[in-house]
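First the structure, in the form of structure tokens, and then the observations on it.
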Amino acid sequence: MNKYILGLLCSLFLFLGGCRKDSSKDVAERFANAFHHRDYKTAMSLATATSRTQLETISQFAGNLPDASAQEAKNILVVMGKGEEKGDRATYYYTTSDSDIEQKINLIKVDGKWQVEWNKMDSPVVDKKTEAPAAAPADSSVQLEVGTPEGLDTTLIRE
């Protein structure tokens, strides 16, 4: 009977242990949820060393925000979208329930483990519906007039 219970416990342990995936998509989703829920400790555990440093700074700033703001953050829903894995690099996209702007997460494999390579300067992916108009081409026909301010003595200026 004891062998039966021990076998059952071992099977249960293996089953539950196998449920935690460490795929690039799973790491990206866990990071996005942790980041938006302001669980910076978890986010840092999924990030590269450089990214952890930046997340630490954000964590310190977030500590000064009102408690109501932190409670609102816990209600944000992260919806994972498309993604791509190429060798030791991966990129995934997601949106959150509080914004329609698509966000991007880059991951790299470090010592066989997927880690988020996040930078606070990474900007969201601009949604085509809200995309800003394109800048004028460099060879635009717009010309600037450059003149001399009135009253300036130009006798010393040579062409």
Side-chain angles (χ1 to χ4, degrees), residues 4-142 144:
Y4 176 72
I5 292 173
L6 183 59
L8 183 61
L9 288 174
C10 285
S11 297
L12 182 62
F13 175 75
L14 290 174
F15 175 74
L16 292 176
C19 289
R20 183 175 177 94
K21 298 178 185 175
D22 288 322
S23 69
S24 59
K25 184 175 183 176
D26 183 61
V27 172
E29 185 171 13
R30 289 189 345 237
F31 177 86
N33 275 295
F35 181 79
H36 287 282
H37 294 162
R38 296 189 187 158
D39 179 4
Y40 296 111
K41 185 176 180 179
T42 298
M44 285 187 271
S45 74
L46 299 168
T48 62
T50 303
S51 301
R52 282 192 295 269
T53 302
Q54 294 182 38
L55 288 165
E56 178 65 34
T57 302
I58 290 173
S59 172
Q60 291 171 357
F61 284 117
N64 296 327
L65 296 173
D67 289 339
S69 176
Q71 288 297 16
E72 286 177 26
K74 292 182 191 300
N75 295 326
I76 294 174
L77 176 66
V78 171
V79 179
M80 294 303 291
K82 64 184 176 181
E84 179 177 43
E85 189 176 309
K86 287 184 179 178
D88 287 349
R89 295 199 166 274
T91 302
Y92 287 93
Y93 299 89
Y94 70 94
T95 56
T96 59
S97 58
D98 66 337
S99 173
D100 289 334
I101 297 174
E102 191 173 46
Q103 303 281 325
K104 179 174 81 170
I105 296 181
N106 293 311
L107 298 99
I108 60 171
K109 218 175 224 186
V110 178
D111 297 327
K113 183 179 172 187
W114 285 106
Q115 293 184 341
V116 174
E117 188 175 47
W118 183 82
N119 183 325
K120 67 182 176 183
M121 299 307 288
D122 285 345
S123 61
V125 176
V126 177
D127 187 351
K128 292 185 187 331
K129 292 178 253 175
T130 60
E131 191 171 304
D139 63 338
S140 174
S141 61
V142 175
L144 299 175

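Remember, predicted model here, so these are calculated numbers, not experimental data.
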Inset, instruction - Heavy atoms only: give me the nearest Asn106-Lys104 pair and the separation to one decimal. - result: ND2-CE, 3.8 Å
Legend entry - Distance (rounded to the nearest 0.5 Å) between Ile105 CD1 and Thr91 OG1: 10.0 Å
Legend entry - pair Met80-Val78: side-chain heavy atoms closer than 4.5 Å: yes
Legend entry - Validation row: Asp22, Lys113 side chains within 4.5 angstrom (heavy atoms): no
Legend entry - Side-chain heavy atoms of His36 within contact of Phe31, under 4.5 Å: no
Inset, instruction - State whether a side-chain donor-acceptor pair under 3.5 Å links Thr96 with Ser99. - result: no
Legend entry - 4.5 Å side-chain heavy-atom contact, Ser24 and Tyr92: yes
Inset, instruction - Any chance you could measure Ile76, atom CD1, to Asn33, atom CG, to the nearest 0.5 Å? - result: 10.0 Å
Inset, instruction - Determine whether Ile58 and Tyr40 make a side-chain contact, defined as any pair of heavy atoms from C-beta on separated by less than 4.5 Å. - result: yes
Inset, instruction - Salt-bridge test for Arg89 and Glu117: reply yes if a basic N is under 4.0 Å from a carboxylate O, no otherwise. - result: yes
Legend entry - Partner set under side chain to side chain contact (heavy atoms under 4.5 Å, CB included) for Thr42, not counting sequence neighbours: Ala34, Asp39, Ser45, Leu46
Inset, instruction - Quick one: list whatever passes side chain to side chain donor-acceptor pair (under 3.5 Å) with Gln60, sequence neighbours left out. - result: Glu56
Inset, instruction - Please round to the nearest 0.5 Å and tell me the distance separating atom NZ of Lys41 and atom OG of Ser59. - result: 11.0 Å
Legend entry - Sequence-distant partners of Asp88, side chain to side chain contact (heavy atoms under 4.5 Å, CB included), two or more places apart: Lys109
Inset, instruction - With rounding to the nearest 0.5 Å, note down the distance linking OG1 in Thr57 to CG in Leu55. - result: 8.5 Å
Inset, instruction - To the nearest 0.5 angstrom, please state how far the CH2 atom of Trp118 sits from the CZ atom of Phe35. - result: 4.5 Å
Legend entry - CG on Asn75 to NE2 on His37, rounded to 0.5 Å: 7.5 Å
Legend entry - Counterpart residues, side chain to side chain contact (heavy atoms under 4.5 Å, CB included), relative to Thr95 (two or more places apart): Val79, Glu102
Legend entry - Pairs meeting criterion salt bridge (charged side-chain N to carboxylate O under 4.0 Å, His left out) with involvement of residues 69-84, two or more places apart: Glu84-Lys86
Legend entry - Residues forming a side chain to side chain contact (heavy atoms under 4.5 Å, CB included) with Leu65, sequence neighbours excluded: Arg38, Ala62, Ser69
Inset, instruction - Give the minimum heavy-atom separation between Ser23 and Trp114, together with the two atoms involved. - result: C-CD1, 3.9 Å
Inset, instruction - Check whether any side-chain heavy atom of Thr48 lies under 4.5 Å from a side-chain heavy atom of Val116, and answer yes or no. - result: no
